[in-house]
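In each ligand, atom 1 is the first atom listed, and ligand 1 is the first ligand listed. Every heavy atom of this structure was used, including side-chain atoms; hydrogens, water molecules and symmetry mates were not.
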Amino acid sequence: MKQQPVDKSEIYDEFARLTQQTKDLVASVELLSDQLTKVLAENARLTIENEHLQEVVAAQQPAKPEEDLSESRKMLQKLYQEGFHVCNDMYGKRLEENESCTFCLDAIYGRHN
Ligand SMILES: [Zn+2]
């Protein structure tokens, strides 16, 4: 079998071309790595900021959101909103207009079961 004569200058050109491509690739990877680092840092910063803002928002919400109430407490709340006492002492009695009852509020929203 007769081999094709090898053109040395072609090999050098090819080698030079591949070398340049490799350098370009390395430069691209370094640039990408740099950008990734910046994106991750920005992401971490935003995550912390978001958590902080959620804490601020949560601190401004009423302590007991309605959806946290159990079914029985929701029923008490409904009765209370319709103008009836739901506390032990006055249960079922009419509230005065615009009257609020601390004991009723405690029965609905208080920290007990
Ligand atoms: Zn009451």
### Task
State, yes or no, whether a side-chain contact exists between Asp89 and Phe103 at a heavy-atom distance under 4.5 Å.
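The answer is no, as the side chains (C-beta and beyond) never meet within the 4.5 Å cut-off.
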
### Query
So do Gln77 and Gln81 actually touch side chain to side chain, heavy atoms under 4.5 Å?
yes

### Task
Count, excluding waters, the protein N, O or S atoms that are closer to the Zn ion (ligand 1) than 2.8 Å.
4

### Query
Between the main-chain N or O of Val29 and the side-chain N or O of Ser33, is there a donor-acceptor pair closer than 3.5 Å?
no

### Task
Looking only at non-hydrogen atoms, find the nearest pair between Arg94 and His85 and report the distance.
O-CD2, 3.8 Å

### Where Leu95 and Cys101 come nearest, the two heavy atoms and their spacing
CD2-CB, 4.1 Å

### Message
Looking at Glu42 and Lys38, is any side-chain nitrogen of the basic one under 4.0 Å from a carboxylate oxygen of the acidic one?
### Response
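Looking at Glu42 together with Lys38, the answer is no, because their closest N to O distance does not fall below 4.0 Å.
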
